[in-house]
Amino acid sequence: MTLRLPTLLAAAALVLTTACTPGTGGGGGGDGTSFEFWSFAAINQKLSVDAYREKHPDVEVKLTEVGTSTETAQALTTALAGGKVPDLVLIQGDNLPKFVQQPQNFVDLRTLGADDITDDYLDWVMKQSVAKDGEVLGIPTDVGGMAIAYRTDLFAAAQLPTDPAAVSALWPSWEAFIETGKRYKQATGKAFIDNAATSVFYQAVNQVSEKYYSEGRDLVYDRNPQVRAAFDLGVAAATAGITAGQTSFESAWSAGLAQGQYAAVAAPSWMLNTIRSTAPDTAGKWAIAKIPGGAGNWGGSYLAIPKRAKNPQAAWNYIKEMQSPQGQLDHFVRVGALPSTPSVYQDEKLTSRQDPFFSDARIGRVYTDSLLGLKPFYIGPDSATIGQEFLNSITNVEQSGGNPATAWDDAVRNIKTAIGG
């Protein structure tokens, strides 16, 4: 497939399933003891709902798994235009900006008490759900801290170190990461990483202090030197001969992951479950190293309450309890979703958790450390479209013989066409 960001986002939510139709029954009746909840499929939201039901047997939660994260956002868009809205909806982070532009369609959670809890969350995560006039439209459920997952056996075959600290020291920068890839390729004749677009550019561009929009919400993607530097890194990786040229989450990518066709992959916290399910026979052969640059995030979602919800208070009660620091810590213990509440980052339940599939990596510590050095930047309504065209241009160089010398100009031209200016 062409590298489409909605598909990446669906995969980031671990969702590649057939859509369900949201329930057509009535809402919660406004009695405060029931509410209707739309979520993505395949992320096991039912575990959290069941935990809430166990504590509150008098509350009826009507959970509908709509489909992928993109399909859930599309269903919500349709509902907001005049259909029946849920009382509570899960929105994937990169789908959120367009909804933040429509604060009139959502309950300002400050009216339900959000001001009392917003300081519980990473400030740059919380900021993304705040509308221009200060309305709080969503509460973050998780984040996707970054690392590099690598095959220790394949690194050993290339006479590279295999200990996570030593491997992390190989690549303090993205330039050093690409050079490590060249060493691996020279030693083995095989690809080092899956592709340049997501494993290099997509990570580097999310380490900037200003991305496609300025803090004042003006478009700056075409003149931002930080974006250009990240793009050039992606092109450098694409032309270095170190990639397998396998688009993330396609069938060939999955086969390559299972067969060891590449030795390393950019791995947000949720990717660990993807690797386990895609390559079960590789258990114990993987380890986790720091991402070049030290900090990064890919993924995360928010809970929001549509304006016409019949049971906003019941939905808020769920948010407040299940997305509290303790609620997110409990969810991490159950399914490994990384909390967006930094107060639990030193909790022993998080710091001591080891993953035998990944050579007993202390995943809680590795991934929370990657979040603490990030700088906030504004994500605008066209950020996903802009990012997609940059990804497409790098993929064109890598897989289709595109001209690296014109790749930036090609991407900018396609962006202007896509967003209308």
Side-chain angles (χ1 to χ4, degrees), residues 145-204 233-234 236-249 252-296 298 353-367 369-370 398:
M146 281 302 305
I148 299 292
Y150 64 95
R151 287 278 297 268
T152 56
D153 56 335
L154 301 182
F155 268 47
Q159 297 185 324
L160 291 172
T162 59
D163 175 74
V167 171
S168 299
L170 290 174
W171 51 62
S173 67
W174 285 106
E175 290 84 358
F177 183 78
I178 294 170
E179 289 304 312
T180 302
K182 292 178 181 178
R183 287 177 58 189
Y184 180 87
K185 179 66 177 289
Q186 184 175 18
T188 66
K190 296 180 180 179
F192 177 59
I193 54 173
D194 52 348
N195 63 71
T198 56
S199 277
V200 178
F201 165 73
Y202 194 72
Q203 311 314 320
L233 285 168
T239 57
I242 66 171
T243 79
Q246 294 176 356
T247 302
S248 298
F249 314 114
W253 178 90
S254 298
L257 190 71
Q259 297 167 9
Q261 294 177 13
Y262 46 90
V265 62
S269 52
W270 48 263
M271 182 72 84
L272 303 189
N273 283 328
T274 299
I275 295 173
R276 283 190 201 93
S277 61
T278 303
D281 294 338
T282 63
K285 296 180 179 180
W286 292 89
I288 305 295
K290 290 182 179 180
I291 191 168
W298 178 3
R353 180 168 178 175
Q354 294 177 275
D355 193 324
F357 195 101
F358 294 91
S359 303
D360 288 327
R362 293 187 180 274
I363 57 174
R365 171 65 71 190
V366 170
Y367 282 109
D369 283 353
S370 79
E398 178 186 62

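Listed here is the closest heavy atom pair of T180 and L170: OG1-O, 3.6 Å. In terms of heavy atoms, A240 sits closest to K182 at CB-CE, 3.9 Å. Residues E398 and T243 approach most closely at OE2-OG1, 2.7 Å, considering heavy atoms. Between Q203 and W298, the shortest heavy-atom contact is NE2-CE3, 3.3 Å. In terms of heavy atoms, D194 sits closest to S248 at OD2-OG, 3.9 Å.
If you take CG on D153 and OG1 on T282, they are separated by 8.5 Å, rounding to the nearest 0.5 Å. To the nearest 0.5 angstrom, R151 atom CZ is 10.5 Å from I275 atom CD1. Distance check, rounded to the nearest 0.5 Å: CD1 of I291 to CZ of F177 gives 8.5 Å. Separation of atoms OG (S269) and CE (M146) is listed at 9.0 Å; rounding is to 0.5 Å.
With hydrogens and angles ignored, the 3.5 Å screen pairs a side-chain donor or acceptor of W171 with a backbone N or O of K290. The backbone N or O of A176 sits less than 3.5 Å from a side-chain atom of S173, completing a donor-acceptor pair. Between the side chain of T152 and the backbone N or O of W286 there is no donor-acceptor pair closer than 3.5 Å. A side-chain donor-acceptor contact under 3.5 Å links Y262 to the backbone of W253. Checked by atom type and distance alone, the side chain of S199 never pairs as donor or acceptor with a backbone atom of A196 at under 3.5 Å.
With contacts defined as side-chain heavy-atom distances shorter than 4.5 Å, the pair I148/V167 does not qualify.
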> Hey, mind stepping through F155 and F192 against side-chain contact (heavy atoms from CB on, under 4.5 Å) and telling me if it holds?
Replying inline: CA-CA 9 Å; F155 268 47; F192 177 59; 3.7 Å; yes
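When the shell of 6.0 Å around NZ of K190 is examined, it contains 12 or fewer heavy atoms from other residues, nucleotides or ligands. Crowding of Q186 atom CD: a count of heavy atoms from other residues, nucleotides or ligands under 6.0 Å not exceeding 12.
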